[in-house]
Visitor: 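The following block contains the structure, expressed as structure tokens.
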Amino acid sequence: MASTRKPTYRAGAEPRPADAARPAGADGVISAQRSIEPDVKQAPASRPSAAASTQRAKSPQGATSPRDATSPQNAKASDNVIVFPEPKGRRKRRLVVWTLSIITAVVAALIAGAVFSPVLAVKTITVDGTTLLTPEAVQKALSGLEGKPLPQVSEQEINELLKPLVQVRSATMEARPPSELLVHVNERVPVALLKQGDSYVMVDVDGVQLGVTKDQSAVALPLIDAGAGATNTELFKAIAAVLDTLPADVLARMSTASAASADAVELKLLDGKTVVWGNAEDRELKAKALEALLKMPVDPKVPVSVYDVSVPRHPFTK
């Protein structure tokens, strides 16, 4: 009995070679084969797949593969990168830093040149303020500074060099470029004489011996009737403190100074009059009171032999 199924054909389907070769009606059945093709055809090798396109779209902006980086299109795009200008504030700060660095370097070079330059070497040493000493004696003591640059000379060094000169209490300096050094000497002030054998030794308030003289009248200073070795006693310190307070013109009128104790200092004037001083308290006020009493006009009818300033707010004469 013949089959009643109708063969179905799909357009474009080619009969298999085996079927074509088989003679029709060999087994009395005509059959057909349907070819099922995939829904998505294989993409050509030259066209990028959808997944690759999606991956490229999701990649960061500007990221390219090594092959794409060398392409002319990407090279052209890299030439069109926008460069933003540097902020003005940052550029200004950098300019200020560079300017300050240059100025600092120049100033440091100038200072170094001044400190070590032989152009500013000491050639002349000028001295003032000397009375007990001669300027030549001070210049001789400072001769080691000659040839040394002025910026390298210090007051400490000057005072160290002048230590052997006991008459110098301290010294200050003044540099006068290019080569002059001016030294201001602050000498110790003698306040009394101490008898030592046939000579008289000048001493200051600290008992430092400042010089020797053979003639007492050549020095307008009072004589302390004690030996030269009495400078460390309490009596000497009390007397010397009083004499150091007196003005120069009043001190020059004193003949001797003595003390029975530290609270009983007594002075003698050149005209033989006596000054009762008392202790060392209120020295400045007592000195002003004595100066005022000595300036009072002399009344021949009321001779004065004693000036008492032991109570400085109530001085009197008798």
Side-chain angles (χ1 to χ4, degrees), residues 127-135 137-138 162 164-171 185-295 304-310 312 315:
V127 178
D128 64 8
T130 57
T131 302
L132 302 174
L133 293 170
T134 61
V138 178
L162 294 180
L165 303 178
V166 294
Q167 295 85 351
V168 178
R169 182 181 294 275
S170 63
V185 176
N186 177 26
E187 289 185 330
R188 294 180 179 273
V189 178
V191 296
L193 295 174
L194 294 177
K195 187 172 178 59
Q196 187 176 32
D198 296 333
S199 302
Y200 297 90
V201 180
M202 293 184 294
V203 295
D204 71 345
V205 66
D206 299 321
V208 178
Q209 299 183 12
L210 305 177
V212 180
T213 180
K214 294 285 186 179
D215 186 5
Q216 179 184 1
S217 60
V219 182
L221 293 174
L223 175 66
I224 296 179
D225 191 9
T231 56
N232 292 326
T233 64
E234 291 297 325
L235 290 181
F236 172 82
K237 292 178 180 179
I239 296 171
V242 170
L243 298 177
D244 186 51
T245 309
L246 296 176
D249 57 337
V250 176
L251 183 63
R253 297 178 62 175
M254 298 297 162
S255 173
T256 61
S258 60
S261 68
D263 295 328
V265 177
E266 187 174 284
L267 310 175
K268 286 285 187 179
L269 297 175
L270 292 173
D271 58 7
K273 297 176 182 179
T274 301
V275 176
V276 178
W277 188 274
N279 57 32
E281 295 181 359
D282 298 325
R283 294 196 301 270
E284 291 78 9
L285 189 58
K286 292 178 179 180
K288 291 180 180 180
L290 178 60
E291 186 177 15
L293 291 177
L294 292 175
K295 290 180 178 179
V304 175
S305 59
V306 176
Y307 298 94
D308 194 323
V309 293
S310 57

Visitor: Under a 3.5 Å distance rule, please check whether D282 uses its side chain to pair with a backbone N or O of K286 as donor and acceptor.
Guide: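 No.
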
Visitor: Going by atom types only, do S217 and D215 share a side-chain donor-acceptor pair under 3.5 Å?
Guide: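 Yes, a side-chain donor-acceptor pair sits under 3.5 Å.
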
Visitor: Of all residues at least two apart in sequence or in a different chain, which pass the side-chain contact (heavy atoms from CB on, under 4.5 Å) check with A280?
Guide: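 side-chain contact (heavy atoms from CB on, under 4.5 Å) check on A280 returns R283.
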
Visitor: Return a table of donor-acceptor pairs under 3.5 angstrom between the side chains of residues 247-273 and protein atoms on other chains or two or more places apart.
Guide:
residue: S261; atom: OG; partner: D263; partner atom: N; Å: 3.4
residue: K268; atom: NZ; partner: T274; partner atom: OG1; Å: 2.9
residue: D271; atom: OD1; partner: K273; partner atom: N; Å: 3.2

Visitor: Just do the salt bridge (charged side-chain N to carboxylate O under 4.0 Å, His left out) check on K288 and E284 with the steps written out, would you?
Guide: CA-CA 6 Å; K288 291 180 180 180; E284 291 78 9; over 6 Å; no

Visitor: Nearest 0.5 Å please: distance from the CH2 atom of W277 over to the CG atom of L246.
Guide: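 So the CH2 of W277 and the CG of L246 are separated by 5.0 Å.
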
Visitor: Shortest non-hydrogen contact from F236 to D204?
Guide: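 Closest approach of F236 to D204, heavy atoms only: CZ-O, 4.1 Å.
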
Visitor: Just so I know, are the side chains of M202 and L193 near enough to count as touching, which here means a heavy-atom distance under 4.5 Å?
Guide: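 Side chain of M202 against side chain of L193, heavy atoms only: contact under 4.5 Å found.
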
Visitor: Which atom names give the shortest non-hydrogen contact between L210 and V166, and what distance separates them?
Guide: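 Between these two residues, the closest heavy atoms are CD2-O, 4.0 Å.
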
Visitor: Measure across D308 and S310 and return the closest heavy-atom pair with its distance rounded to 0.1 Å.
Guide: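 Between these two residues, the closest heavy atoms are OD1-OG, 2.6 Å.
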
Visitor: Please report the shortest heavy-atom distance between P315 and L293, naming the atom on each side.
Guide: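 Result for this residue pair: CB-CD1, 3.9 Å.
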
Visitor: Indicate yes or no: at least one non-hydrogen side-chain atom of V138 is less than 4.5 angstrom from one of L162.
Guide: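 The answer is yes; the side chains approach within 4.5 Å.
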
Visitor: Between E187 and Q167 (side chain of the first, backbone of the second, donor and acceptor by atom type, cut-off under 3.5 Å), is there such a pair?
Guide: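 Between the backbone of Q167 and the side chain of E187 there is no qualifying donor-acceptor contact (under 3.5 Å).
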
Visitor: Among T131, L132, V168, which residue meets the side-chain contact (heavy atoms from CB on, under 4.5 Å) test with V185?
Guide: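 Single pass found, and it is V168.
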
Visitor: Of all heavy-atom pairs between L165 and A137, which one has the smallest distance, and what is that distance?
Guide: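 Between these two residues, the closest heavy atoms are CD1-O, 4.1 Å.
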
Visitor: Quick check: does any side chain N or O of K237 sit under 3.5 Å from a backbone N or O of I239, one acting as donor and the other as acceptor?
Guide: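 No, the answer is negative, given that no donor and acceptor are paired below the 3.5 Å cut-off.
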
Visitor: To check you understand the geometry: which heavy-atom pair defines the closest contact between I224 and A192, and what is its length?
Guide: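 Looking at all heavy atoms of both residues, the closest pair is CD1-CB, 3.5 Å.
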
